[in-house]
Amino acid sequence: MKKKDNRSNKYIAYLFRSIASVYLIKNENRFKIIAYQNAADSIEKMTQEIYDIWRDGNLEKVPNIGHNLASYLNEYFKSGKSDHFEQILKRIPQSVFEFMKIPGIGPKKAYKLAKTLNIIEAKDCIEKLKKSALKGIIAKIPEFGQKSQDSILNSINLYKKKSVLINRMPMPYAYDQAQLILNYLKKNKDIKRIDILGSLRRKTETIGDIDISVEIDLKNTKNIIDYFLKYPKKIDIDNSGVKKASIIVFPNIRIDLRVQSKKQYGSMLQYLTGSKLHNIKLREYALKKGYSLSEYSIKNINTKKETFFDNEKNFYNFLNLQYIPPEIREGTNEIELAINNKIPKLIELKDIKGDLHIHSNYDLKPSHDLGRNSYLDIFKKANELNYSYIGFADHNPKITNLKENEIIDILKKRKDYIYKIFDKNKNNKVQRFIGLEVDILNNGNIAIPEKAIDYVDYLIVAIHSLFNMNKKDMTNRILKALNNPKVKILAHPTGRLFGKRDGYDLDFEKIFETCKKQKVALEINSWPERLDLSYDLVRVGIQNSNKFIINTDSHATYHMDYLKYGMYVAKKAFATKNDIINSYNLNDFIKWIRG
DNA sequence: GCCGTTTTCGGCCCGACTGTTTTCAGTCG
């Protein structure tokens, strides 16, 4: 178990960052330090396990991993350790790496504290540091002072609280939090415009902190910052200056605010939206064209002439780039596409014409939970959402409690019932389909008798048990289930739940191939804690010509509004209408579901 | 230590805030 952890992307990234820190402390060449940090960034962002890539002999194809790092990693994966890495890490006390986990303490301060206070071992080092602070020893260390000591104490307390909470929140949760501060800021009449920026604007699946910018007259800066710092939910102020401020709100969410005038607001939007990697690549691209970018302007390096932008579109166009939507600014290949005017028209919420994964309260003695609303309630909601079609996808009847003929009977009665209640709504513009979400059993069979399938229009299959199978067995289990011709959708393909359960490992090359062959759509599940499949895998699927469907997995009608979250995932994956089955008009949709 | 539309050598994104040694290093995004 431990061995496997030491091969994970997360651990390797941590290892590289630790080495970068040692080099920083030892005043090594700063570009060497950056190289290790860049390698860590790359590994952290990858979908595939770096260990698997090594096994396939492709290490040097990973961005920011060159000949040297590849050879060290080769030794590390082969023998379980690397002399090179160990020699470097041995050069400083282990406590340093623990101290650096405390906000505001970086490599140099951590090293200075460890050395001066003679705290060497990792064990209990934070407690020892706290004791030194309480005794007032830290304030007497050169380059530290009373304020540093207070700040360290404060940070230790925050760090301890945070360590028992989830570090990143699901994007929909951050979205709600952001609405609260937005409502507060809107009450200030001197704020002319408010934008949510950063990862929340890019709609990444989990969010670390919330970034906000406001457009104001700069003469009001101090008042606005003060107003922000008085936000009632604030539990701490992280920093505040003349251009930005950061507060911590309950329960430990950091909110950053930037202020800017209209004249430079476009540059600010672009800068604060990120991602960091997108901005670095954009700035490198601009440098080659003779421009230096900042959050204030674009500066001509030769003439020193500055150009200002009040909107982002002009900012990108000035650099001869197509406008790049925030959702895809992740530093993959969006800049290359924008140079060649090749950024596709991405999917929008208004393109969505139906939702095919909705649970009702119709009691078919299901294997898992019922929904809370009736078919008619769901139907009414679909009308409100202007959908053209909709699918009822209750869980299959529980096979351990029921005989085969009982299950067939239940599904027949359900079909009759749905036909009966919708007869009087014949002229309605929403077309309904009868679906069923069926468990994939441990052996890959699906949890419904063959004869019962006649009573549904389509099947959704999903894993709901034995999540800890190994990659090969789990892949085969799912592949087997996909072979039934009535199976049209593979729901929440990895089974992940943010903060609760990592997804199971699958061989997606095989899953994608079989889904394509069987014309099965992979689901993008919009449930806030799932957002499954993840956008990077959806993108791989799209490049492989797979089709996807954005569903809500609703268990109550108000859940049907969550579809936007799945749509964001699709958008981040560069999805167009062509890639998303439930953007098809009714006729094309029927062709697919019957095909 | 990485990387390549000017380059296999010579570059490597840009700026805010804090505390302290009051001019700048350290940290962060």
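Protein chains get the first letters and strands the later ones, always in sequence-line order, with residue 1 at the start of each. The figures here come from the full heavy-atom set of this structure, side chains too, leaving out hydrogens, waters and symmetry mates.
Contacts of A:Ser151 with the nucleic acid, taken as non-hydrogen atoms under 4.0 Å apart, are absent. Among the heavy atoms of the strands lying under 4.0 Å from A:Asn239 are primed sugar atoms or P, OP1, OP2 only; no base atom is included. Using a 4.0 Å heavy-atom criterion, one finds that A:Glu28 contacts no nucleic acid atom at all.
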_Checking A:Ile210 against A:Asp256 for the side-chain contact (heavy atoms from CB on, under 4.5 Å) test, could you report, in this order, the C-alpha distance in whole Å, the side-chain angles of both residues, the deciding distance, and whether it holds?_
CA-CA 6 Å; A:Ile210 295 170; A:Asp256 294 338; over 6 Å; no

*Tell me, with the steps shown, if A:Ser534 and A:Asp536 meet side chain to side chain donor-acceptor pair (under 3.5 Å).*
CA-CA 6 Å; A:Ser534 65; A:Asp536 35 12; 2.7 Å; yes

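Every pair passing salt bridge (Lys or Arg N to Asp or Glu O under 4.0 Å) that includes a residue from residues 51-69 of chain A is listed here, sequence neighbours excluded: A:Asp52-A:Arg55, A:Asp52-A:Lys471. Sequence neighbours left out, the pairs with a member in residues 114-129 of chain A that pass salt bridge (Lys or Arg N to Asp or Glu O under 4.0 Å) are A:Glu127-A:Lys160. Sequence neighbours left out, the pairs with a member in residues 231-246 of chain A that pass salt bridge (Lys or Arg N to Asp or Glu O under 4.0 Å) are A:Asp238-A:Arg254.
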*For nucleotides 1-9 of chain B, read 5' to 3', which letter fits each nucleotide if B means a protein heavy atom sits under 4.0 Å from the base, S means only the sugar-phosphate is that close, and - means neither?*
BSS------

*Along nucleotides 23-29 of chain B, 5' to 3', which nucleotides get a B, which get an S, and which get a -, given that the test is a protein heavy-atom distance under 4.0 Å?*
---SSSB

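We find that CG of A:Asn38 is positioned 11 Å from C1' of B:dC13, with the value rounded to whole Å. Rounded to whole Å, the distance from CD on A:Gln270 to P on B:dC13 is 15 Å. For the pair A:Glu284 CD and B:dG11 C1', the interatomic distance rounds to 11 Å; values are reported in whole Å. B:dC14 atom C1' lies 14 Å from atom CD1 of A:Ile298, rounded to whole Å. Distance A:Asp150 CG to B:dT18 C1': 13 Å, rounded to the nearest Å. Atom C1' of nucleotide B:dC13 and atom CD1 of A:Ile301 are separated by 11 Å, given to the nearest angstrom. To the nearest angstrom, P of B:dC17 lies 7 Å from NZ of A:Lys243. Distance, A:Lys140 NZ to B:dT20 C1': 17 Å, rounded to whole Å.
Pairing for B:dC3 goes to B:dG10, judged as Watson-Crick or G-U wobble with the two contacts each under 3.5 Å.
Side-chain atoms of A:Glu44 do not come within 3.5 Å of backbone N or O of A:Ala13 as any donor-acceptor pair. Between the A:Asp217 side chain and the A:Lys219 main chain, no donor and acceptor come within less than 3.5 Å of each other.
The separation of B:dT20 from B:dG15, taken at their P atoms, amounts to 26 Å, rounded to a whole angstrom. Rounded to the nearest Å, the gap between the C1' atom of B:dC12 and that of B:dC17 is 25 Å. When the C1' atom is used for both B:dA16 and B:dC9, the distance is 34 Å, rounded to whole Å. Rounded to whole Å, the separation between the P atoms of B:dG26 and B:dT22 comes to 16 Å. Nucleotides B:dT8 and B:dG1 have their C1' atoms positioned 15 Å apart, rounded to a whole Å. A distance of about 14 Å separates the C1' atoms of B:dT18 and B:dT23, rounded to the whole Å.
Residue A:Ser292 has a polar side-chain atom (N or O) positioned under 4.0 Å from OP1 or OP2 of B:dC14. For B:dT20, the OP1/OP2 oxygens have a side-chain nitrogen or oxygen of A:Ser148 closer than 4.0 Å.
For A:Phe228 and A:Tyr184, the ring centers sit 6.0 Å or farther from each other. A distance of 6.0 Å or more separates the ring centres of A:Tyr296 and A:Tyr271.
With B:dG15, B:dC17, B:dC13 as the choices, the nucleotide that has an atom nearest any side-chain atom of A:Tyr296 turns out to be B:dG15.
Contacts with DNA chain B (heavy atom under 4.0 Å) in residues 310-337 of chain A: none are found.
Relative orientation of the A:Tyr175 and A:Tyr568 rings is tilted, given thresholds of 30° and 60° on the angle between their planes.
The residue from A:Arg496, A:Arg530, A:Lys572 that alone fulfils the salt bridge (Lys or Arg N to Asp or Glu O under 4.0 Å) condition with A:Glu205 is A:Arg496. A side-chain contact (heavy atoms from CB on, under 4.5 Å) with A:Leu185 is found for one member of A:Asn188, A:Asn183, A:Ile181 and no other, namely A:Ile181.
Side chains of A:Ile12 and A:Phe77 form a contact here, defined as non-hydrogen atoms less than 4.5 Å apart.
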